[in-house]
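Below you'll find the structure, written out as structure tokens, and then a few comments.
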Amino acid sequence: MERFASESEALAHTLAEVLAEKLERKSNFFKENCVRNTCYVRMNRYPPCPKPSEVYGLMPHTDSDFLTILYQDQVGGLQLIKDNRWVAVKPNPRALIINIGDLFQAWSNGMYKSVEHRVMTNPTVERFSTAYFLCPSYDAVIECSGDCPSYRNFSFREFRQQVQADVKKLGYKVGLPSNQTELTEPPPLSRSNVPANPVSLPPYRSNIIILFDAMPVFLVIFISQSVQSPLRNINSPFGFHGAVNLSSDSNKRFVYDVGAYNSDDDKADQNGMGDFLNEMADMMNLCIVIPILIINILARVSICLLCNLRKPTAVVLLKRVTTEVKTLMGAVLIRRDAEADLNSALRPVEIIGNLASIEKAEKLINEVIAQSEGEGIPALFVRGAPEQIWIKVRNDGIRETIKNMHTKSRARIQVVLSIYDLK
Ligand SMILES: O=C(O)CCC(=O)C(=O)O
Ligand SMILES: [Fe+2]
């Protein structure tokens, strides 16, 4: 691990400098701001999951750092969005995967884009991966380059806090602080104009066009070369190593196991790793099945010991998850009324499931609403993948409605707080 950390550190800095140079932005920013105790190594363990089509290894997300250097074992399961499709990143024991994170996207004014990725579970084999995150100090200010910056300047602390708040409140990251102060709601999408397999773009962002124009972001570098000379690969870096198309199944839930390593952990954990883990815990989205959770307890602890982690951060994480799971039997999550906008007559509901179960749930919602009010069809707008839709339902009697819909459709239904004034 020490070796992985130190070699990744050197590689990440070299890559960051080369990428900065390509932007004609010569800078010692990374050397000054991304130092030992602001960067992290995270070890991920994904236990085998008997129902891979129902459980995510890791939820779709972008990394909140500058660069991630990832090493995956031979099991496979990592997928990323390319051309509006999920593609698998084929394991290669001689390859590292380099992922551009949100901070580089902002710093490069969208020239480099942080790509959305996720991990699928495997029914029989456990999977491990190790990731090095190139992060600045919390006080570092990320300044967007160019004459026409799309993002306003922000500190890493500000960004982390924002991400955490968004994940907690909404279940996903809203994204980088745009230069435009007002968030604009996208036009509602009807069922018919939902693409078959759309990019799970963060919703409600005014800079979506820029993202589409940005450069591809996953580089794959062969370890044997990269350790000595990453520059050799930079000439033709933008491509996917043997990526294979996989049609992603739906109705995914989330199983995630994490161990953490940092040689300077006492100092570094003050406001760093704990935050990452908390964010992950929030992103777990509260749907871990209990038998897997129990296996995880042992695995987490042993990973911690193995790595000399003095603070068992993962155990804290686990406690939170256990409490959540208790409230989640039956995989229905209803957020507390306290979090909902009770002044609004409507509350958005997120439905996650396969297309058939979503359609069933959607039909039921419409029926319930039509029955109770004789009102018209509610507005639908898409958040992310086709298996996730947003729909407005009435605030009163919400629990009955959701329970009913869940039992009949088997889709996972989640009530979330309104971001916009839903009238
Ligand atoms: O396990 C993997 O392949 C991906 C891990 C990842 O995306 C992360 O740790 O942020
Ligand atoms: Fe990631």
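The structure displayed is predicted, hence computed values, not measured ones. For ligands, and for the atoms within them, numbers begin at 1 and follow the listed sequence.
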Problem - Main-chain N/O of Lys31 paired to Asn28 side chain as donor or acceptor, under 3.5 Å - result: no

How does [X] reach ligand 1, if at all, at less than 4.0 Å between non-hydrogen atoms: by side chain, backbone, both, or neither?
{"X": "Phe133", "value": "side chain"}
{"X": "Thr68", "value": "neither"}
{"X": "Asn99", "value": "neither"}
{"X": "Ile97", "value": "neither"}

Handout entry: Student check: side-chain heavy atoms of Val87 and Gln79 closer than 4.5 Å
Key = no

Exercise for the section: Assess the side chains of Ser145 and Asn109: does a donor N or O sit below 3.5 Å from an acceptor N or O? Expected result: no

Problem - 4.0 Å heavy-atom contact, Gln72 with ligand 1 - result: no

Problem - His61 to ligand 1, any heavy atom closer than 4.0 Å - result: yes

Practice task
May I ask you to check whether Trp107 and Phe29 place their ring centres under 6.0 Å from each other?
Solution key: yes

Exercise for the section: Decide if the gap between the ring center of Tyr40 and the ring center of Phe133 is smaller than 6.0 angstrom. Expected result: no

Practice task
Measure from atom 1 (O) of ligand 1 to every heavy atom in Ser129, Pro60, Ala131 and give the option owning the shortest one.
Solution key: Ser129

Completion exercise
The atom of Asp63 among N, O or S that is nearest the Fe ion (ligand 2) is OD1

Fill in the blank from the handout: Applying ring pair (Phe, Tyr, Trp, His ring centres under 6.0 Å) to Phe159 and not counting sequence neighbours gives Phe154

Completion exercise
One finds that the ligand 1 atoms under 4.0 Å from a non-hydrogen atom of Val119 are 1 (O), 2 (C), 3 (O), 4 (C)

Handout entry: Numbered atoms of ligand 1 (with element) below 4.0 Å of Leu58, judged on heavy atoms
Key = 5 (C), 6 (C), 7 (O), 8 (C)

Handout entry: Glu143 and Arg152 ion-paired at < 4.0 Å
Key = no

